[in-house]
Amino acid sequence: MIGDARDIYRLLPQKSVTTTITSPPYGGVKDYGSVDQIGFKQSWKQYLVDLGEVFRGCYRATREGGTLWLVVDRIKEPNNANMLPWKLGSTVEEIGWNLVDVIVWNKLKSLPYASRLGLRHQFEYILMFSKGARPRTFPDRLRNPFDLPRWWRRY
């Protein structure tokens, strides 16, 4: 389905989702070719308002104990590094999501480059939020698959 994420209220029934995993558009970095897109040619304030609307819709659609995983990185601008993970994290917490954990995704195969805006960036943040106090997670499913024989016998 192709559509505007801000329409999530109409697309998903209330409390119908267990997990949402997304990587929102990185502000004005990329033009996705849509007239009313989130991020491109928007102010930071409007960008965060629009993403807040999306994540409010996700919250409404998520069951108690459900999770929201945001893959998000900082945005390099000519004079500073805009820490989008922290700004977006605050926006999401204001909606009612609870920050459970911050994961650093080590992207070992990033391109070896340096530019006028900075050095090679080899990681991104994954912010894990829950709806309610106890997220429904399954730690055994996150184990290293090479260690599978050792822990699988318990079941």
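Keep in mind that the numbers below use all heavy atoms, side chains included, and drop hydrogens, waters and symmetry copies.
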Flag the pair [X] / [Y] as yes when at least one side-chain heavy-atom distance between them is below 4.5 Å, and no otherwise.
X	Y	result
Thr67	Phe129	no
Asp50	Gln42	yes
Asp73	Leu84	no
Phe55	Leu88	yes
Thr19	Trp69	yes

**Message:** With a 4.5 Å cut-off on side-chain heavy-atom distances among I, L, V, M, F, W and Y, is there a chain of contacts connecting Leu51 to Val49?
**Reply:**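 No, Leu51 does not connect to Val49 through the hydrophobic network.
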**Taking every non-hydrogen atom, the tightest pair across Tyr32 and Pro25** =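 Shortest heavy-atom separation between Tyr32 and Pro25 comes out as CE1-CB, 3.7 Å.
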Return the [atom1] to [atom2] distance between [X] and [Y], rounded to the nearest 0.5 Å.
X	Y	atom1	atom2	answer
Ser90	Ile95	OG	CD1	11.0 Å
Gln37	Phe40	CD	CZ	6.5 Å
Thr62	Leu68	OG1	CG	7.0 Å
Cys58	Glu53	SG	CD	11.0 Å

**Message:** The criterion is ring pair (Phe, Tyr, Trp, His ring centres under 6.0 Å); which residues satisfy it with Trp86, sequence neighbours excluded?
**Reply:**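 In terms of ring pair (Phe, Tyr, Trp, His ring centres under 6.0 Å), with neighbours along the sequence ignored, Trp86 is linked to Tyr125.
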Hey, is the main chain of [Y] close enough, under 3.5 Å, to the side chain of [X] for a donor-acceptor pair?
X	Y	answer
Thr22	Leu70	no
Glu94	Thr91	no
Gln14	Arg60	no

**Message:** Quick one, Arg74 with Asn82, criterion side-chain contact (heavy atoms from CB on, under 4.5 Å). Give me CA distance, side-chain angles, the key distance, then yes/no.
**Reply:** CA-CA 6 Å; Arg74 55 93 172 111; Asn82 191 328; over 6 Å; no
**Request:** Please name all residues satisfying side chain to side chain donor-acceptor pair (under 3.5 Å) with Glu93, sequence neighbours left out, ordered by chain then number.
**Result:**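 For Glu93, no residue satisfies side chain to side chain donor-acceptor pair (under 3.5 Å) once neighbours in sequence are set aside.
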**Message:** Do Lys131 and Asn98 pair up side chain to side chain, a donor and an acceptor below 3.5 Å, judged on atom types alone?
**Reply:**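 No, Asn98 and Lys131 have no side-chain donor paired with an acceptor closer than 3.5 Å.
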**Those residues that, when tested against Asp4, pass side chain to side chain contact (heavy atoms under 4.5 Å, CB included) (two or more places apart)** =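 By the side chain to side chain contact (heavy atoms under 4.5 Å, CB included) rule, Asp4 matches Arg6, Asp7, Asp36.
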